Amino acid sequence: MLLINWLRESITKRRQQCEEGMYYIKKFYPNIRSFREVKPEVLMELKPHFPEVIYKRCLFVTQEIERVLKTVEGLKNNSLDKLGTYMYETHEGLSSLYDVSCPELDFLIDFSKKNDLVLGSRMMGGGFGGCTLSLIHEDGVEEFISKAAKAYLDKFKNPLTAIIAMPSNGTQLIQSNTDF
């Protein structure tokens, strides 16, 4: 129960830090209503007016919004290499700017960068730990899992659990009936 409370408090704290960041932004740009309207360049211009930790949180949010938009375009163009790059960038931001990663996840991400069959990897989950999501060429999945599990066990003296998932088209409209 203590871990759950700590996690809630940490997530609440990140939200409050971002709200505080919006307060600083609005001092200079009163018409801005959300981070979707803030480019990272604007935030960098305002950096001297921010406490360091607030700046880091807000920079991650603005960069991540841009990455999500680029990822959508990359997916539309079937640019999986770009998707992988964005995954690594997201993890770097989660780890160094948003401070929600942990040594185990950072290790797995760094390990994945050494394998040419891995296009990208990032932490997933509720933050402050969780799991990694890796985009791996199909013919390299088993080899990567085997090598990662051994390296993880050697480093942390803990077994690695791997879950293999395949991308799908997601939810789709099969039939539309508007005669209700």
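Because the structure is a prediction, the values reported are computed rather than measured.
- Note on Leu117 and Leu108: separate hydrophobic clusters, where clusters join Ile, Leu, Val, Met, Phe, Trp and Tyr whose side-chain heavy atoms are under 4.5 Å apart, directly or indirectly.
- Side-chain contact check for Asp81 versus Leu119: some heavy-atom pair is nearer than 4.5 Å.
- With hydrogens and angles ignored, the 3.5 Å screen pairs no side-chain donor or acceptor of Ser79 with any backbone N or O of Leu75.
- Atoms CZ and CD, from Phe60 and Glu92 in turn, are 10.5 Å apart once rounded to the nearest 0.5 Å.
- To the nearest 0.5 Å, atom OG1 of residue Thr90 and atom CZ of residue Arg67 are 4.0 Å apart.
- Looking only at side-chain heavy atoms (C-beta outward), Met123 and Val100 come within less than 4.5 Å of each other.
- Using a 4.0 Å cut-off between a side-chain N of Lys or Arg and a carboxylate O of Asp or Glu, Asp99 and Arg14 do not qualify as a salt bridge.
- At a threshold of 4.5 Å between non-hydrogen side-chain atoms, the residues Ile164 and Val141 count as touching.
- Of all non-hydrogen atoms in Ser101 and Asp106, the two that sit nearest each other are OG-OD1, 2.7 Å.
- The cluster map of Ile, Leu, Val, Met, Phe, Trp and Tyr, joined by side-chain heavy atoms under 4.5 Å apart, puts Met22 and Val53 in the same cluster.
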Could you go through Met166 and Glu138, starting from their C-alpha distance and side-chain angles, then the distance that decides it, and tell me whether this counts as side-chain contact (heavy atoms from CB on, under 4.5 Å)? CA-CA 9 Å; Met166 297 296 293; Glu138 191 171 2; 4.2 Å; yes
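- How far CD of Glu52 is from CG of Leu59: 9.5 Å, rounded to the nearest 0.5 Å.
- Leu94 is not listed as a side-chain neighbour of Leu105, based on a closest heavy-atom distance of 4.5 Å or more.
- Residue Thr62 holds its OG1 atom at 8.0 Å from CD of Glu41, rounded to the nearest 0.5 Å.
- The existence of a salt bridge linking Lys13 and Glu9 is excluded, since no basic side-chain nitrogen approaches an acidic carboxylate oxygen closer than 4.0 Å.
- Scanning both residues, Cys58 and Phe35, for their nearest heavy atoms gives SG-CZ, 3.6 Å.
- The line from OH of Tyr55 to CG of Leu46 is 9.5 Å long, rounded to the nearest 0.5 Å.
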So Leu80 and Asn78, side-chain contact (heavy atoms from CB on, under 4.5 Å) or not? Walk me through it. CA-CA 6 Å; Leu80 296 181; Asn78 204 27; 4.2 Å; yes
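- Of the possible donor and acceptor atoms, none in the side chain of Arg36 sits under 3.5 Å from a partner among the backbone N and O of Ile65.
- In this structure, the ring of Phe111 has its center no less than 6.0 angstrom from the ring center of Tyr152.
- Using a 30° and 60° split on the angle between ring planes, Phe50 and Tyr24 fall in the tilted class, from 30° to 60°.
- Listed by first and then second residue, the side chain to side chain donor-acceptor pair (under 3.5 Å) pairs that reach into residues 107-122 are Tyr88-Ser112, Ser121-Ser134, sequence neighbours excluded.
- The number of heavy-atom neighbours closer than 6.0 Å to NZ of Lys56, taken from other residues, nucleotides and ligands shown, is above 12.
- Grouping the Ile, Leu, Val, Met, Phe, Trp and Tyr side chains by contacts below 4.5 angstrom, directly or via other members, places Ile32 with Tyr23.
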Assess whether side-chain contact (heavy atoms from CB on, under 4.5 Å) is satisfied between Arg57 and Val61, documenting all intermediate values. CA-CA 6 Å; Arg57 303 300 187 249; Val61 170; 5.7 Å; no
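- By the 4.0 Å N-to-carboxylate-O rule, Glu73 lies too far from Lys70 to be salt-bridged with it.
- Residues Leu160 and Leu153 are not in side-chain contact: their nearest non-hydrogen atoms beyond the backbone lie 4.5 Å or more apart.
- Checked by atom type and distance alone, the side chain of Ser146 never pairs as donor or acceptor with a backbone atom of Glu142 at under 3.5 Å.
- Judged purely by atom type and a 3.5 angstrom limit, Ser95 has no side-chain atom pairing as donor or acceptor with the backbone of His91.
- Taking CG of Asn31 as the start and CD1 of Ile25 as the end, the distance is 13.5 Å to the nearest 0.5 Å.
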